[in-house]
Amino acid sequence: MENKVNLYGASGHCKVIVDILHSINKVVGTILDDNPKSTELLGYAVQKSDGFLFDKASQWILSIGNNKVRKRLADMNLDFVNLIHHKAIVSPHSAMGKGNVVMAGAIINPGATVGNHCIINTGAVIEHDCIIEDFAHVSPSVALAGGVRVGEGTHVGIGASVIQGVQIGKWAVIGAGAVILKDVPDFSTVVGNPGRIIKYTNQHE
Ligand SMILES: CC(=O)SCCNC(=O)CCNC(=O)[C@H](O)C(C)(C)COP(=O)(O)OP(=O)(O)OC[C@H]1O[C@@H](n2cnc3c(N)ncnc32)[C@H](O)[C@@H]1OP(=O)(O)O
């Protein structure tokens, strides 16, 4: 099996993914970026994506924190892989699509389903029977109780807690440290304890 993984996106998020690759004895392949801020990242060369010939036979991950950008690039039809840190715990009774990253200390419990191109960040807890839809980002130290749904493209902010069974819509934002006790509509931003809607984003942006 191919041991090298190429990374698209040379951000801080990419640095954490490089650490995942090291933890599972995989090789860091090409690191690409549309607008590189530096020619290197953690000692690896960064190349400009413009004019790059994509090798469809090799493995890729979208190492980009922005959920909308990952969605756009996912159409490239590359061989996207899941990367799970050696110190994450992923139940054998959970399911996962492709292109996901699971950072150190994250826990995904039985019956949970993670879609495609999601970020399960450092120390996040995805309890039993949760559903995380495509392009969602569950930030560090988030706690999702049993049976929570996180809709497509939604960002759950750092340290937020969500009680069991709550349904969070698509392309929503949950503020850092929020405590979510009831369902959250699509495209809304919710902050505080208890969580309250402060705005809606334009779904056509
Ligand atoms: C590894 C990593 O780094 S992963 C990335 C982790 N990052 C995060 O989790 C970031 C999460 N983002 C947030 O919490 C942001 O504050 C957001 C998205 C909720 C809101 O950001 P903005 O849309 O820029 O809103 P803005 O900063 O203008 O705040 C609007 C109001 O909400 C309040 N507010 C914003 N965020 C929060 C919050 N997390 N909790 C409570 N109140 C908040 C503000 O104080 C402000 O109140 P006011 O109108 O009374 O002054």
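Small disclaimer: the values here were computed from a predicted structure and weren't measured.
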Q: Checking the side chain of N82 only, and the main-chain atoms of N100 only, is there a donor and an acceptor separated by less than 3.5 Å?
A: yes

Q: When you measure from the side chain of S91 to the backbone of I108, do you find a donor-acceptor pair of N or O atoms at a distance under 3.5 Å?
A: no

Q: Kindly give the heavy-atom pair with the smallest separation between I132 and C118, and that separation in Å.
A: CG2-SG, 4.0 Å

Q: So do the side chains of I84 and I24 get within less than 4.5 Å of each other, counting heavy atoms only?
A: no

Q: Locate the shortest heavy-atom distance separating K98 from N116; write the atom from each residue and the value.
A: N-OD1, 2.8 Å

Q: Taking I168's backbone N and O only, do any of them form a donor-acceptor pair with R149's side chain (distance below 3.5 Å, no angle check)?
A: no

Q: Has the side chain of T154 got a donor or acceptor atom that lies under 3.5 Å from a matching backbone atom of G169?
A: yes

Q: Could you tell me if the side chain of V81 sits less than 4.5 Å from the side chain of V5, heavy atoms only?
A: yes

Q: Can you tell me how far apart OG1 (T122) and CD1 (I158) are? Round to the nearest 0.5 Å.
A: 8.5 Å

Q: Evaluate the side-chain contact (heavy atoms from CB on, under 4.5 Å) criterion for residues I198 and R196: first the C-alpha distance (whole Å), next the side-chain angles of each, then the deciding distance (0.1 Å), finally the verdict.
A: CA-CA 6 Å; I198 55 167; R196 66 181 196 287; 4.2 Å; yes

Q: State plainly whether one hydrophobic cluster holds both V166 and V156, where clusters connect Ile, Leu, Val, Met, Phe, Trp and Tyr through side-chain heavy atoms under 4.5 angstrom apart.
A: yes

Q: Hydrophobic clusters here meaning ILVMFWY residues chained together by side-chain heavy-atom distances under 4.5 Å, can you tell me if V27 and I31 are in one?
A: no

Q: With heavy-atom distances below 4.5 Å as the criterion, would you say the side chains of D33 and K48 are in contact?
A: no

Q: So, for D79 and K56, which heavy atoms are closest and what is the spacing to 0.1 Å?
A: CB-O, 4.1 Å

Q: Which value, rounded to the nearest 0.5 Å, describes the distance between L181 atom CG and N193 atom CG?
A: 6.5 Å

Q: Looking only at non-hydrogen atoms, find the nearest pair between G175 and A160 and report the distance.
A: O-CB, 4.0 Å

Q: If we count only N and O atoms by modelled type, under 3.5 Å, do the side chains of D186 and Y200 hold a donor and an acceptor together?
A: no

Q: Can you confirm whether more than 12 heavy atoms, excluding those of K37, are under 6.0 Å from its NZ atom?
A: no

Q: Please say yes or no: joined through hydrophobic side-chain contacts below 4.5 Å, possibly via intermediate residues, are F52 and V46 part of one cluster?
A: no

Q: Would you say T113 and S94 make side-chain contact, with heavy atoms under 4.5 Å?
A: no

Q: Say whether, by atom type as modelled, one donor and one acceptor occur between the side chain of N67 and the main chain of F135 under 3.5 angstrom.
A: yes

Q: Identify, with sequence neighbours excluded, every residue that meets side-chain hydrogen bond (donor to acceptor under 3.5 Å, both in side chains) alongside K71.
A: E152

Q: Taking C-beta and beyond as the side chain, do I107 and I126 meet within less than 4.5 Å on heavy atoms?
A: no

Q: Scan side-chain atoms only and decide if S58 and N6 contain a donor-acceptor pair under the 3.5 Å cut-off.
A: yes

Q: Mind checking whether H117 and D134 have side chains closer than 4.5 Å, heavy atoms only?
A: no

Q: Would you name the heavy atoms of H85 and I20 that are closest together and state the gap between them?
A: N-CG2, 3.7 Å

Q: Counting only N and O atoms by type, is there a donor-acceptor contact under 3.5 Å from the side chain of N3 to the main-chain atoms of N25?
A: yes

Q: Report the distance from atom CD1 of I61 to atom OH of Y8, rounding to the nearest 0.5 Å.
A: 14.5 Å

Q: Should S139 and N121 be marked as a side chain to side chain donor-acceptor pair (under 3.5 Å) after you check the CA-CA gap, both sets of side-chain angles, and the distance that decides it?
A: CA-CA 5 Å; S139 291; N121 224 315; 5.5 Å; no

Q: Mind checking whether V101 and H13 have side chains closer than 4.5 Å, heavy atoms only?
A: yes

Q: Just wondering, more than 12 heavy atoms not from H22 lying within 6.0 Å of its NE2?
A: yes

Q: Does L21 form a side-chain contact (heavy atoms from CB on, under 4.5 Å) with D19? I'd like the steps, not just the answer.
A: CA-CA 5 Å; L21 291 174; D19 264 11; over 6 Å; no

Q: Identify the heavy atoms of I120 and A106 that sit nearest to each other, and give their distance.
A: CG2-CB, 4.0 Å

Q: Please check this pair: side chain of S11 against backbone of I64, looking for a donor-acceptor N/O pair closer than 3.5 Å.
A: no

Q: Output all residues satisfying side-chain hydrogen bond (donor to acceptor under 3.5 Å, both in side chains) with E127, sequence neighbours left out; order by chain, then residue number.
A: N109

Q: Any salt bridge between E133 and K170, counting N to O under 4.0 Å?
A: no

Q: Hydrophobic clusters here meaning ILVMFWY residues chained together by side-chain heavy-atom distances under 4.5 Å, can you tell me if L7 and L62 are in one?
A: no

Q: Indicate yes or no for a side-chain donor-acceptor contact from T201 to the backbone of F187 under 3.5 Å, with no hydrogens or angles considered.
A: yes

Q: Before giving the answer on side-chain contact (heavy atoms from CB on, under 4.5 Å), spell out for V142 and V125 the whole-Å C-alpha distance, their side-chain angles and the decisive distance to 0.1 Å.
A: CA-CA 6 Å; V142 164; V125 174; over 6 Å; no

Q: Are any of the side-chain heavy atoms of Q167 and V184 separated by less than 4.5 Å?
A: no

Q: According to a 4.5 Å side-chain heavy-atom criterion applied to Ile, Leu, Val, Met, Phe, Trp and Tyr, with indirect links allowed, do Y44 and L83 form part of one hydrophobic cluster?
A: yes

Q: Start with the C-alpha distance between H155 and W171, add both sets of side-chain angles, then the distance that settles side-chain contact (heavy atoms from CB on, under 4.5 Å), and finish with yes or no.
A: CA-CA 7 Å; H155 177 204; W171 302 100; over 6 Å; no

Q: Name the one of T30, L32, N77 that satisfies side-chain contact (heavy atoms from CB on, under 4.5 Å) with F54?
A: L32

